[in-house]
Amino acid sequence: LTRLKAALKRSSSKLGDGIAGIFNKRKLDAAALEELEELLIASDLGVATSAKLANNLAKTRFNKDVSPEEVRSALAADVAEMLEPVAIPLEIAPERRPHVVLVVGVNGAGKTTTIGKLAKQQAELGRKVMLAAGDTFRAAAIEQLQIWGERSRVPVIAKQPGADAAGLAFEALETAKREAADLLLIDTAGRLHNKGELMAELQKIQRVLRKQDESAPHDVLLVLDATTGQNALNQVATFKELVAVTGLVVTKLDGSAKGGVLVALAEQHGLPVHAVGVGEGAEDLRPFSADHFAKSLMG
Ligand code: GDP
């Protein structure tokens, strides 16, 4: 809880200071409600969600004296309720050898890092993990994944930069099956400026995986950078057109004032949030808890 709280400091001070400013010895009147709604929108909670939260508060407290603490805790309770349905841990089915997770997202969102963190955590739980360096466009992404693999003694299936990503994914699944791995995490390229090509590539990867396992990939994780705020919402919409996204990981909550975007994501897209990134270390990928997040966000 403390680590998340620290990570969300910039988001929570913005909200906390704002709420303190609005509700300092003041009734919860129409003007105050409007200011609150604006503050929530500016904190990336989304227009519809911000209106809903303000309305909920008005239901029981309109024209009454309220303290900033009371407002914060009422909002935290409401936000927790909104987040509860999407706070779903990533489940790795033990009967699958391997459980295949395709990891997608724009360049820089934190795909490779998230895969590295997940690999380390799962390996420490005793699972046999394999990685596929499917972002074959960037030599740096391949190297970065190899470094994570070495660190956790997790094998990385990689080819030279420019190699066919689908071919690599096919071979990686072959190897993972042969060696009865529990979990295969596949990195992908994130070139969103060329949507058509990216879609073709992601679909080809899925096709070749299904040749070996009809149910693969078992998860398609979309990694989003929280610092991009409202843009993260657009990225979900875009990636949903490219591939059947099954869940989200939201990274870089540390040092972002836009943590509220998680609430907007939950309300608009309803996709499971499997984990959040609060730093660059392996331990900084955390399960997503609705209650902890809501409390940390509202200070
Ligand atoms: P990719 O292009 O999507 O594979 O993105 P990378 O995994 O290469 O990440 C881009 C940068 O973001 C790297 O410098 C990572 O260390 C950093 N990063 C990823 N996740 C987090 C996080 O949760 N917090 C912070 N502070 N940095 C992160």
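For ligands, and for the atoms within them, numbers begin at 1 and follow the listed sequence. Along the sequence shown, the residues carry numbers beginning at 1.
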Practice item. Run the numbers on Asp225 and Thr251 for side-chain hydrogen bond (donor to acceptor under 3.5 Å, both in side chains), then give the verdict. Key: CA-CA 5 Å; Asp225 173 350; Thr251 64; 4.6 Å; no
Which of Gln206, Gln212, Glu214 passes side chain to side chain donor-acceptor pair (under 3.5 Å) with Arg210? Answer is Gln206
Atom 11 (C) of ligand 1: closest protein heavy atom, distance to 0.1 Å, is Lys252 NZ, 4.0 Å
- Item | Sub-4.0 Å heavy-atom contact, Gly279 with ligand 1 | yes
When distances are taken from atom 5 (O) of ligand 1, the protein heavy atom at minimum range is Gly110 N, 3.0 Å
Check your understanding: Salt bridge between Asp65 and Lys27, side-chain N to carboxylate O under 4.0 Å?
Key -> yes
When distances are taken from atom 2 (O) of ligand 1, the protein heavy atom at minimum range is Gly108 N, 2.7 Å
| task | Examine Thr113 against ligand 1 and note whether any of their N/O atoms are separated by less than 3.5 Å. | result | yes
Quick look: Lys117 vs ligand 1, heavy-atom contacts under 4.0 Å, and the answer is side chain
Touching ligand 1 at all, Leu285? Heavy atoms, strictly under 4.0 Å?
no
Report task. Applying side-chain contact (heavy atoms from CB on, under 4.5 Å), run through Leu83 and Phe288 and close with a yes or a no. Result -> CA-CA 9 Å; Leu83 295 177; Phe288 181 60; 3.9 Å; yes
Residue, atom and distance of the protein heavy atom nearest atom 4 (O) of ligand 1 read Thr112 OG1, 2.7 Å
### Query
Within a reach of under 6.0 Å around CD of Glu91, are more than 12 heavy atoms found that belong to other residues, nucleotides or ligands?
no
Assess whether a salt bridge exists between Glu171 and Arg178, defined as any Lys/Arg side-chain N lying under 4.0 Å from an Asp/Glu carboxylate O. no
> Taking it one step at a time, do Asp213 and Ser215 satisfy side-chain hydrogen bond (donor to acceptor under 3.5 Å, both in side chains)?
Replying inline: CA-CA 5 Å; Asp213 180 346; Ser215 62; 2.8 Å; yes
Taking both backbone and side-chain atoms of Lys111, is any N or O found less than 3.5 Å from an N or O belonging to ligand 1? yes
* **Short N-O contact, Glu283 and Lys120, less than 4.0 angstrom** => no
Ligand 1 to Asn107, heavy atom cutoff 4.0 Å, flagged ligand atoms 2 (O)
What do you reckon, does Gly255 put a non-hydrogen atom under 4.0 Å from ligand 1?
no
Gly277 heavy atoms within 4.0 Å reach ligand 1 at atoms 23 (O)
Contact between ligand 1 and Val278 is defined here as a heavy atom of the residue under 4.0 Å from a ligand atom; is it met?
yes
Per-atom filter on ligand 1: closer than 4.0 angstrom to a heavy atom of Val106 are 3 (O)
**Study point:** pair Met130-Leu183: side-chain heavy atoms closer than 4.5 Å
**Key:** no
A student checking ligand 1 against Asp254 at a 4.0 Å heavy-atom cut-off should list atoms 22 (C), 23 (O), 24 (N), 25 (C), 26 (N)
closest protein heavy atom to atom 17 (C) of ligand 1 is Glu280 OE2, 3.9 Å
**OP:** Could you give me the CA-CA distance, side-chain angles and deciding distance for His269 and Lys240, then say whether side-chain hydrogen bond (donor to acceptor under 3.5 Å, both in side chains) is met?
**Re:** CA-CA 10 Å; His269 293 287; Lys240 271 179 163 174; 3.1 Å; yes
For Gln144, the ligand 1 atoms with a heavy-atom partner under 4.0 Å come out as 7 (O), 8 (O)
Exercise. So does Lys204 pair up with Asp164, basic N to acidic O under 4.0 Å?
Worked result: yes
